[in-house]
Q: 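Next up is a structure, given as structure tokens.
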Amino acid sequence: MPTQARCDRVPPASCDTWGVDLRALQEDDLPLDPRRWSRLEAGRWVSVRGGRPERFPMNGKALCLMTMDMFRAREPEHGLNIYQDFRRRLGKALALQELLEKLSK
């Protein structure tokens, strides 16, 4: 699980490093890195996953601090799937960030 310090390191949405446009990696119209999601974007994402946005009145950084049990407590039926999707997206963003950091050295 990422630490708060890792949640603070966020790559730009469109990085020109090596001529790569990161928006091409997006799955939907949300920012690639879930740590950059606003409350509105986080709510929209929860809704698409079958959850109720009013149960997640927070931005992406706050979602970053939640455990699987917290997701399940807020949304018993869909909480596990919502949690797994968030962690997958966060892992993808962290891996991409680490790759870009290595390439820029």
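Keep in mind the model is a prediction, meaning the values are calculated, not measured.
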Q: Looking at Met66 and Tyr83, what are the two nearest heavy atoms and their distance?
A: O-CE1, 4.2 Å
Q: Do Arg89 and Asp33 meet the salt-bridge criterion of a basic N to acidic O distance under 4.0 Å?
A: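 The answer is no: the pair does not qualify as a salt bridge.
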Q: As a quick check of understanding, evaluate side-chain contact (heavy atoms from CB on, under 4.5 Å) for Leu30 and Arg36, giving each step before the final call.
A: CA-CA 9 Å; Leu30 296 171; Arg36 289 189 167 262; over 6 Å; no
Q: Going by salt bridge (charged side-chain N to carboxylate O under 4.0 Å, His left out), name the residues that satisfy it together with Glu41, two or more places apart in sequence or in a different chain.
A: none
Q: Would you call Asp85 and Arg88 a salt bridge, taking side-chain N to carboxylate O under 4.0 Å as the test?
A: yes
Q: Atom OG in Ser38, atom NZ in Lys61: separation rounded to 0.5 Å?
A: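 Here the rounded value is 13.5 Å.
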Q: In terms of relative ring orientation, are Trp37 and Phe86 parallel, tilted or perpendicular, with 30° and 60° separating the classes?
A: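 Rings of Trp37 and Phe86: perpendicular, over 60°.
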Q: Under a 4.5 Å side-chain heavy-atom rule over Ile, Leu, Val, Met, Phe, Trp and Tyr, are Trp45 and Leu80 clustered together?
A: yes
Q: Would a distance-only check, ignoring hydrogens and angles, find a side-chain to backbone donor-acceptor pair under 3.5 Å from Arg35 to Asn59?
A: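 Such a contact is absent between Arg35 side chain and Asn59 backbone.
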Q: Has Ser47 got a side-chain atom pairing as donor or acceptor with Gly43's backbone, closer than 3.5 angstrom?
A: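 No; judged by distance alone, with no hydrogens or angles, the pair does not exist.
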Q: Looking only at heavy atoms, which two atoms of Arg55 and Pro76 are closest? And how far apart?
A: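 Heavy atoms only, the tightest pair is NH1-CD, 4.2 Å.
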Q: Can you hop from Met70 to Leu63 via hydrophobic side chains spaced under 4.5 Å?
A: yes
Q: Between atom CD of Glu101 and atom CG of Leu99, what is the distance when rounded to the nearest 0.5 Å?
A: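 These two atoms lie 9.5 Å from each other.
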Q: Could you give the distance from CZ (Arg52) to CZ (Arg74), rounded to the nearest 0.5 Å?
A: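 Separation between the atoms: 12.0 Å.
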Q: Which atoms form the tightest heavy-atom contact between Cys64 and Arg87, and what is the distance?
A: O-NH2, 3.0 Å
Q: Nearest 0.5 Å, please: how far is CG in Leu103 from CD in Glu98?
A: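 Glu98 CD to Leu103 CG: 12.0 Å, rounded to 0.5 Å.
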Q: State, with a plain yes or no, whether a side-chain heavy atom of Arg44 is found less than 4.5 Å away from one of Pro53.
A: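 SC-SC contact between Arg44 and Pro53 ruled out.
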Q: Does Gln84, at its CD atom, have more than 12 non-hydrogen atoms belonging to other residues, nucleotides or ligands within less than 6.0 Å?
A: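 Yes, enclosed.
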Q: If every non-hydrogen atom of Ile82 is compared with every non-hydrogen atom of Gly51, which pair is closest and at what distance?
A: CD1-CA, 4.0 Å
Q: Taking all non-hydrogen atoms of both residues into account, name the closest pair between Met58 and Ala62 and its distance.
A: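 Nearest pair, atom of Met58 first, then Ala62: CB-CB, 3.5 Å.
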